[in-house]
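Below, chain A is the first sequence line, B the second, and so on; all start at residue 1. For the numbers below, each heavy atom of this structure counts, side chains included, while hydrogens, waters and symmetry mates do not.
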There are 2 protein chains.
Amino acid sequence: MVSPAGFIGQYRHALDEKGRVSVPARFREAMESEEGEGGLGLYVTVGLDRCLFAYTPVRWRAVTQSVRTTARHPFASRDARRFQRQFFASAAFCEPDAQGRILIPESLRAAAGLRRDVVFIGVEDRIEVWDAEAWIREETQGREDYERAAERALDLGGDLDAATRRHGDSATKEEIR
Amino acid sequence: MVSPAGFIGQYRHALDEKGRVSVPARFREAMESEEGEGGLGLYVTVGLDRCLFAYTPVRWRAVTQSVRTTARHPFASRDARRFQRQFFASAAFCEPDAQGRILIPESLRAAAGLRRDVVFIGVEDRIEVWDAEAWIREETQGREDYERAAERALDLGGDLDAATRRHGDSATKEEIR
DNA sequence: CCTCTATTCCCCACTTTTTCCCACTTCGCG
DNA sequence: CGCGAAGTGGGAAAAAGTGGGGAATAGAGG
């Protein structure tokens, strides 16, 4: 069953020659639950650290909201325009076909260096799409730095529960096949 | 399907000898949905950074409003008037033919340095038209700053838990001027 | 005022790309 | 061992993109 709260786990799939890839079934369900709330599909854009970020329509609205306020006026500073361009131009709305696959545009595949094998990663409110090899490197690297990064990124002083709970229920079940 | 929120993505097309280009199908649909609300077509004018700005009739009304008020600014009145003149004088309403192509007037093509290959870019509430090579340069330039800015913008938009939000600030602060 | 020319507009035709659908394989589960 | 769900591949239909002919229109020049 899907975790109601957010996306967790990692799933390995293959891109075919047309650039299509199956959305992991677990993620698909969460995506469908938002039907009527903004269409069926995922907004995919260039993420950080050479991967793609994918959001459900509802989450996407929240993300664009903050980008919009970065430069609310179309004739704002040059930097603001550049950022807006980069952000919106690299995004795409990907709708699944009857088999639950989405087509990832060439420009996005190139941006994340996706080849044949890709990995979908649930990261709470977004899904990340990695080239399989790149993900292995990132994962390895991440494991080493895990504790150190956690200490910097999370506030270990106060809200221990929230951070711990989340990792507790995900870990064992969702391994890559 | 159309992205419900605004224009996103990038599409490369070719100008023919008559100065026509296909409007990307994704954008065309959004344009059509406004029929009856102000006609079928795009308002195209000189944009910033050597590209063209294109708006649907509905958006155009909003933009003219904001340009008008900008011009009232007491300190920038001279520049504002100049900008206003340029903006409106070079604007053209381009209606698509049966194939979904619009004819971009020679003066606008020259203003944006459009040659054969052009790129349409969705930037939320406007469409930008770039010469293909110029866009590649712009994109390359923008990418450097992109990750830095994205770290901040994406954090603000997501539905992050309290711990992350509290420390998202300190994590990225050092990298922002 | 008429004619000639250049431009615009409206189709038709062709090619490429995208979308849709069907079918096969694999895997998990009872 | 069978069944259904998930993942993958590929062919066919539909849509999108592109090129170009020729009628209609407008403008310049005689």
| task | Measure from CZ on F27(B) to C1' on dG17(D) and round the result to the nearest Å. | result | 15 Å
| Residue pairs fulfilling side chain to side chain donor-acceptor pair (under 3.5 Å) with at least one residue in residues 100-112 of chain A, sequence neighbours excluded | D97(A)-R101(A)
| remark: Hits for salt bridge (charged side-chain N to carboxylate O under 4.0 Å, His left out) against R116(B), two or more places apart or cross-chain, chain-then-number order -> none
| query | Which whole-number value in Å describes the distance from R101(A) CZ to dG9(D) C1'? | reply | 8 Å
| For A98(B), which contact category applies under a 4.0 Å heavy-atom criterion: base, sugar-phosphate, or nothing? | nothing
| task | Specify the separation, in whole Å, of atom CG of D117(B) and atom C1' of dT18(D). | result | 12 Å
| Which residues satisfy the side-chain hydrogen bond (donor to acceptor under 3.5 Å, both in side chains) test with E139(B), sequence neighbours excluded? | Q10(B)
| field | Ring geometry between F120(B) and H13(B) (parallel below 30°, tilted from 30 to 60°, perpendicular above 60°) | value | perpendicular
| request: Output all residues satisfying side-chain hydrogen bond (donor to acceptor under 3.5 Å, both in side chains) with R143(B), sequence neighbours left out; order by chain, then residue number. | output: none
| said: Rounding to an integer number of Å, can you tell me how far E17(B) CD sits from dA6(C) C1'? | reply: 16 Å
| Taking only residues two or more places apart in sequence, or in another chain, which ones meet D49(A) in a salt bridge (charged side-chain N to carboxylate O under 4.0 Å, His left out)? | none
| query | What's the CG-C1' distance between L15(B) and dT18(D), to the nearest Å? | reply | 12 Å
| request: Give V21(A) one of three labels, base, sugar-phosphate or nothing, depending on what nucleic acid heavy atoms sit under 4.0 Å from its own. | output: nothing
| message | Over all strands shown, is R116(B) touching base, sugar-phosphate only, or nothing at heavy-atom distances under 4.0 angstrom? | response | sugar-phosphate
| remark: Separation of dA14(D) atom P from D97(A) atom CG, nearest Å, is 18 Å
| request: Taking salt bridge (charged side-chain N to carboxylate O under 4.0 Å, His left out) as the test, write out the residues that go with E133(A), two or more places apart. | output: R115(A)
| request: Please list, chain by chain and in numerical order, all residues satisfying salt bridge (charged side-chain N to carboxylate O under 4.0 Å, His left out) with E147(B), sequence neighbours excluded. | output: none
| field | Distance in angstrom units between D16(B) CG and dG21(D) P, rounded | value | 12 Å
| message | What is the separation between atom CG on L40(B) and atom C1' on dC9(C), rounded to the nearest whole Å? | response | 15 Å
Give each protein N/O atom lying under 3.5 Å from an N/O atom of nucleotides 2-6 of chain D, with the pair distance.
none

N/O to N/O distances under 3.5 Å, protein versus nucleotides 13-19 of chain C:
unit_1: dT19(C); atom_1: OP1; unit_2: R26(B); atom_2: NH2; d: 3.1
unit_1: dT19(C); atom_1: O4; unit_2: K18(A); atom_2: NZ; d: 3.3

| query | Under 4.0 Å between a Lys/Arg side-chain N and an Asp/Glu carboxylate O for E128(B) and R126(B)? | reply | yes
